[in-house]
Amino acid sequence: MDVREHLRNGLRAALAEAGIDPLPDDIALERPANRNHGDWSSNIALATAKKAGKNPRELGQALVDFLSVCPPAHVTGVEIAGPGFVNFRLVDTWLHEVMTDVLEQGVNGYASPDLGAGAHLNIEFVSANPNKPLHAGHGRGACFGDSIARLKERCGFRVTRETYINDRGVQMTNYAKSLAAAKADEPIPEDGYHGAYIHAWAGEMPADADPLEWGLQRGLDSHRATLEALDIHHEVWFSERSLVPTGAIDDAMDDLRAHKAVFEDDGAVWLRSTEFGDDKDRVLVKSDGDLTYLTPDIAYHRDKFSRSELLFNVWGADHHGYVTRMKAAMQLLGHDPNELEIAITQMVDFARGGEEVKMSGRSGDFIALDDVIAEVGADAARFTYLVQSVDSRQTFDLEEVAKQGMDNPVFYVQYAHARICSIFAKAAEAGVERSPLADVDASLLIHERELDLLRSLQELPDIVRVACVDNAPHRIAAWSREQAAALHGFYHDCYVMSDAIAPELTQARLALVAASQVGLQIALQLLGVSAPESM
RNA sequence: GCGCCCGUAGCUCAGCUGGAUAGAGCAUCUGACUACGGAUCAGAAGGUCGGGAGUUCGAAUCUCUCCGGGCGCGCCA
């Protein structure tokens, strides 16, 4: 049981004794930044005194007096400090219980809060045009979306990974023309695509192939291969084009009309998106009869809702202006706006050794995501894309990330895992057999390095929950670095096996290291980064 | 002009629903191996949290305003 429950129960009893009624719903407990303030601290006296019309310091003292007489489990001291904080000092047994929890629950059980309760969540990400390879900028949304999927899965959602293929419209026609021109050694049309890949792909194209159909498949194959190199696998590749023959677009229009969500003006059909916060109403059917981009996308989202309770989209910052109208469209169709969550990833700049690398869309001169993976490796690419909040613009220095040293946090973390494996290998070599957990005396773990490792492991469930709720995989990356630092520090100061180490302590430390391995594996799995046994 | 994101150490960035003396990595300087992989560890130095005002016991965090940067504001996709 989480030690905080013991403390909260004690605080509730103390509050009741002090005449607080009703009791607060939530009692915050935090680990003070300053160790002198104890192991756990609560601001509950400050928070409730105001409402109860009491002096915070006096209420805090009353709580302390009560808790000193009936201390919760593990507690050795309770003090009042500052304006009214209640500080708890605990014996290390509370941390030893953390180790037991981690090992008993394992990689699949520890730090897996059930937030989703089995709800079906469709996560759409990447959704790039199939007329060109994925570029370096796509990597962020791809890694972010997949890590979100991993987080939601761990937290009890049933997840479908999906990507939308923009295979309908003029850009596909221009792409086909470009392929055909390249194949015939003719100049690429002005409105075509001029990247080097066009010529490479045209060279592969059979002479009798339909450039559009062949090109579509070639583009999809390219995307699929790139994503698989990053260990990203979409269950559904949804074709925009397919919305026409299935009647999905017509159905969506009928549905919108039935909901009085559209009107006609100037020969065009408009969506009443201003009813739900949009700046202006949006055209769905142009006066020439063509559909705007929005219309099939509405039909697509409507289709997704027919297959899933909750939708999650990952869009680049260049599409953020589109969020309001899509949410408005879904609300006009009767959906709760909270059932469609849209995460925006800010742009990525690329550099080599501090020198900015220009990416120009017009000339087709961009860094392919494949090239990033080839240059830095899939693990380093994923970790780097995820190490930073997607709310901030990112600078991705290919030269820095390609380094296989301390500059590179991904190696630091992976090396911690490899070290653990190395310790186990060494133990096996020495003929040391791991005792069952029940026979391990965890109370032997009293070194500050050992306790640091356990404090960090204790935080993981909270970190996972926050990362899931806030859509923040970078919190996992940050935790993995802390756990790795704790492991390296432990490794440096605490030998697991040695003539000077008692067999019982060896067993306790092997268990501790195993717990750390569980934590690191959970974190690396959520990031989609491998946990190597050796490097 | 309007909307969204950002501004924290020399550099790259964390900082959870407001908490006590604002953190990490890199870079810089100084140290640590006759034992499990030194791809490691320890210490030092480094700050008007963009500026200002407000809310309160308490603000990097919430509100307002200004400054600076990015991205959007089509009957394009």
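So you know, we letter chains A, B, ... as the sequences are listed, proteins then strands, and number each from 1.
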If you check every side-chain atom of [X], which of [options] has the closest atom?
| X | options | result |
| --- | --- | --- |
| A:Q388 | B:C13, B:G74, B:G38 | B:C13 |
| A:Y491 | B:C71, B:A42, B:G38 | B:G38 |
| A:S287 | B:C36, B:C71, B:C75 | B:C75 |
| A:A268 | B:C75, B:A14, B:A20 | B:C75 |
| A:H320 | B:C75, B:A20, B:C71 | B:C71 |
| A:N87 | B:C57, B:A20, B:C41 | B:A20 |
| A:D391 | B:A77, B:C36, B:C5 | B:C5 |
| A:H474 | B:C75, B:A14, B:C57 | B:A14 |

For A:E533, does the CD atom sit with more than 12 other heavy atoms under 6.0 Å from it, leaving out its own atoms? no
Spacing between [X] atom [atom1] and [N] atom [atom2], to the nearest angstrom:
| X | N | atom1 | atom2 | value |
| --- | --- | --- | --- | --- |
| A:R4 | B:C16 | CZ | P | 16 Å |
| A:H492 | B:C41 | NE2 | C1' | 4 Å |
| A:N471 | B:C16 | CG | P | 16 Å |
| A:I420 | B:C36 | CD1 | P | 17 Å |
| A:L505 | B:C36 | CG | C1' | 13 Å |

Heavy-atom nearest nucleotide on RNA chain B taken for A:G489 and for A:C494; more 5' hit belongs to A:C494
Need to verify one output field. Residue with the more 5' nearest nucleotide on RNA chain B, A:E240 or A:T395? A:T395
Measuring to OP1 and OP2 of B:C71, would you say a side-chain N or O of A:T345 lies under 4.0 angstrom away?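 Answer is no, no contact under 4.0 Å.
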Compare the aromatic ring of A:F85 with the six-membered base ring of B:A20 and state whether they stack according to the 5.5 Å and 30° rule.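 Yes, A:F85 stacks on the base of B:A20.
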Just wondering, do A:H37 and B:A20 stack (centres under 5.5 Å, planes under 30°)? yes
Using only heavy-atom distances, decide whether a donor-acceptor pair under 3.5 angstrom links the side-chain of A:N43 to the base of B:G19. yes
Base B:A14 to side chain A:S389, donor-acceptor N/O within 3.5 Å cut-off: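 A donor-acceptor contact between them is absent.
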Give me the stems containing RNA chain B, sorted by first residue, counting only three or more consecutive Watson-Crick or G-U pairs with both distances under 3.5 Å; say none if there aren't any. B:1-7 with B:67-73, B:10-13 with B:23-26, B:28-32 with B:40-44, B:50-54 with B:62-66
Specify the closest pair of heavy atoms between A:R140 and A:Q388, including all atoms of both residues, with the distance to one decimal. NH2-O, 3.9 Å
P atom, B:C2 versus B:U65: distance in rounded Å? 10 Å
